[in-house]
Colleague: 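If you scroll down you'll find the structure; I have some questions about it.
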Number of protein chains: 2
Amino acid sequence: MDIRTLCLGILALGDATGYEIKKMVAEGSFSFFSEASYGSIYPALTKLTTEGLIECRQESQSNRPDKKIYSLTEAGRAALEDSLAKDPRPDKNRSEFLASLLFAEAVAPERINSLVQDRITSHKRQIDALKLMRAEEDSPVGQFVLDYGIQVQQAAYDFLIANKGRIVTKL
Amino acid sequence: MDIRTLCLGILALGDATGYEIKKMVAEGSFSFFSEASYGSIYPALTKLTTEGLIECRQESQSNRPDKKIYSLTEAGRAALEDSLAKDPRPDKNRSEFLASLLFAEAVAPERINSLVQDRITSHKRQIDALKLMRAEEDSPVGQFVLDYGIQVQQAAYDFLIANKGRIVTKL
DNA sequence: AATTACATGTAATCCGTTACATGATTGA
DNA sequence: TCAATCATGTAACGGATTACATGTAATT
């Protein structure tokens, strides 16, 4: 998913500023499956505006930069529809954890223990965070996406609890 | 995980050529959680060699470029250990599918049906592929990593089967 | 007193993919 | 006969992060 489609899609769900878009992909329900920084969001928003796919109204604020609230235009909606008509590309699951496990076995087997233990903790944290978001999510599809994430994380967590004995050092 | 550590780690598991490393990350057990192209692998291998972290012996072949078989040096092993001592960064799970679901609801709800159906098919394919690899994997940690992947994919699959009714259009 | 949140934006830099270049062998 | 496999490597290009630049207000 390129940054342009991401912005278009988020704006299809409601008007937003660049700052808010960044917050959504960094902390909100989107954080589970996407990411983006100011350095890519702001330029994308500017370009999409000149292309007429989104438009922006400015809100003056005292002692702060004007708030630029973007909204999707009809052309933008059409462009988004085109993007969504294409088949989504397969997920990318980059995991330093899994790579570390394999490599650690070769060079530092005693490290595997703490790797797995930390991972169990981090899955637990992720599950809790997702459940919190789930409780505050209103849209059925939003809930569905969050539930999908929770199930996946839970499966990983359960697997590690049940199978860590297969690789951790016996005491 | 940067490309350097990836190469170092793979070479820690056994000597390999650039071609073989590429095959591992594109098709082998590594494909589940990493990726890299020739354009990044070959230059990385060259650089690691000049730095003394790996070394290469050349094998002549008739009518083919010499096979360059790389192996980890002591310095390389130490560098890898240093990398692995650091906590692995959180996984990156980029999913166009999940984003498409959310956005499709806003602009083309009738698309959700086929999106989910295709996804179910692709999870099934992934699970089968992982199970094949699992059957051929010898190392316990390798099996563990593959089993982890299978469990996660299976959970996603099961979730979609059980919950698609929540978002697909009723006929 | 210090950090976080708010709010926008640019420039340097890094990193990696895609496409190109070359060419024989094997299997369908 | 056509595609895939084997085998290495470079150059152009694109995309995104990081760091920089600026400044107030609220919270801890």
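In what follows, every chain begins at residue 1, and chains take the letters A, B, ... in the order their sequences are listed.
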Colleague: Using modelled atom types and a 3.5 Å cut-off, is there a donor and acceptor pairing between side-chain atoms of B:E55 and backbone atoms of B:T49?
Modeller: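 Judged by distance alone, no pair lies under 3.5 Å.
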Colleague: Could you report the tightest heavy-atom contact between B:Y38 and B:P43, atom names first, then the distance?
Modeller: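 Minimum heavy-atom contact is O-CD, 3.6 Å.
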Colleague: Can you list, in residue-number order, the parts of residues 39-57 of chain B that come under 4.0 Å of DNA chain D, counting heavy atoms only?
Modeller: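 Result for residues 39-57 of chain B: B:G39, B:Y42, sorted by number.
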Colleague: Quick test of your reading of the model: are A:K67 and A:D15 salt-bridged, counting only N-O distances below 4.0 Å?
Modeller: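 So A:K67 does not pair with A:D15 through a salt bridge.
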Colleague: Could you tell me if the side chain of A:F30 sits less than 4.5 Å from the side chain of A:I21, heavy atoms only?
Modeller: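 The answer is no, as the side chains (C-beta and beyond) never meet within the 4.5 Å cut-off.
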Colleague: Checking B:D158 now: which residues fulfil side chain to side chain donor-acceptor pair (under 3.5 Å) with it, not counting sequence neighbours?
Modeller: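 If we apply the side chain to side chain donor-acceptor pair (under 3.5 Å) test to B:D158, skipping adjacent residues, the hits are B:Q154.
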Colleague: Rounded to the nearest Å, what distance is computed from the CD atom of residue B:E35 to the C1' atom of nucleotide C:dT17?
Modeller: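 Value for this atom pair: 10 Å.
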Colleague: Please report, rounded to the nearest Å, how far the C1' atom of C:dG16 is from the CZ atom of B:R94.
Modeller: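 Between C1' of C:dG16 and CZ of B:R94: 14 Å.
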Colleague: Give each stem of DNA chain D as a range with a range, requiring at least 3 consecutive Watson-Crick or G-U wobble pairs whose two distances are under 3.5 Å.
Modeller: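 If one scans DNA chain D for consecutive Watson-Crick or G-U pairs, the stems found are C:1-28 with D:1-28.
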Colleague: Which is the 5'-most and which the 3'-most nucleotide of DNA chain D that has an atom under 4.0 Å from a heavy atom of chain A?
Modeller: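 Footprint of chain A along DNA chain D, 5' to 3': D:dA16 to D:dA25.
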Colleague: Side chain to side chain donor-acceptor pair (under 3.5 Å) with A:Y148: which residues, sequence neighbours excluded?
Modeller: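 Side chain to side chain donor-acceptor pair (under 3.5 Å) list for A:Y148, sorted by chain: B:R119, B:H123.
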Colleague: Is there a donor-acceptor pair under 3.5 Å between the side chain of A:Q153 and the backbone N or O of A:Q126?
Modeller: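 No, because the side chain of A:Q153 does not come within donor-acceptor range (under 3.5 Å) of the backbone of A:Q126.
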Colleague: Mark yes when over 12 heavy atoms from residues, nucleotides or ligands other than B:K22 sit less than 6.0 Å from its NZ; otherwise mark no.
Modeller: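 More than 12 heavy atoms, drawn from other residues, nucleotides or ligands, come within 6.0 Å of this atom.
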Colleague: Taking the side chain from B:E136 and the backbone from B:M133, do they hold a donor-acceptor pair closer than 3.5 Å?
Modeller: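 It does not hold such a pair.
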Colleague: Could you pull out the closest heavy-atom pair between A:G18 and A:Y42, with the gap in Å?
Modeller: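 That closest heavy-atom pairing would be CA-CE2, 3.9 Å.
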Colleague: For DNA chain D, which residues in residues 4-25 of chain B have a heavy atom at a distance below 4.0 Å?
Modeller: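 Of all residues in residues 4-25 of chain B, the ones placing a heavy atom under 4.0 Å from DNA chain D are B:T17, B:G18, B:Y19, B:K23.
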Colleague: Can a donor-acceptor pair be found between the side chains of B:D2 and B:T5 at a distance below 3.5 Å?
Modeller: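 Short answer, yes.
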Colleague: Take A:D66 and B:P65, find for each the nucleotide of DNA chain C with the closest heavy atom, and name the residue whose nucleotide sits nearer the 5' end.
Modeller: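 Between the two, 5'-proximity favours A:D66.
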Colleague: Using modelled atom types and a 3.5 Å cut-off, is there a donor and acceptor pairing between side-chain atoms of B:E51 and backbone atoms of B:L53?
Modeller: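 No: the side chain of B:E51 does not pair with the backbone of B:L53.
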Colleague: Taking CD in A:E74 as the centre, count heavy atoms belonging to other residues, nucleotides or ligands within less than 6.0 Å. Is the count above 12?
Modeller: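 At most 12 heavy atoms, drawn from other residues, nucleotides or ligands, come within 6.0 Å of this atom.
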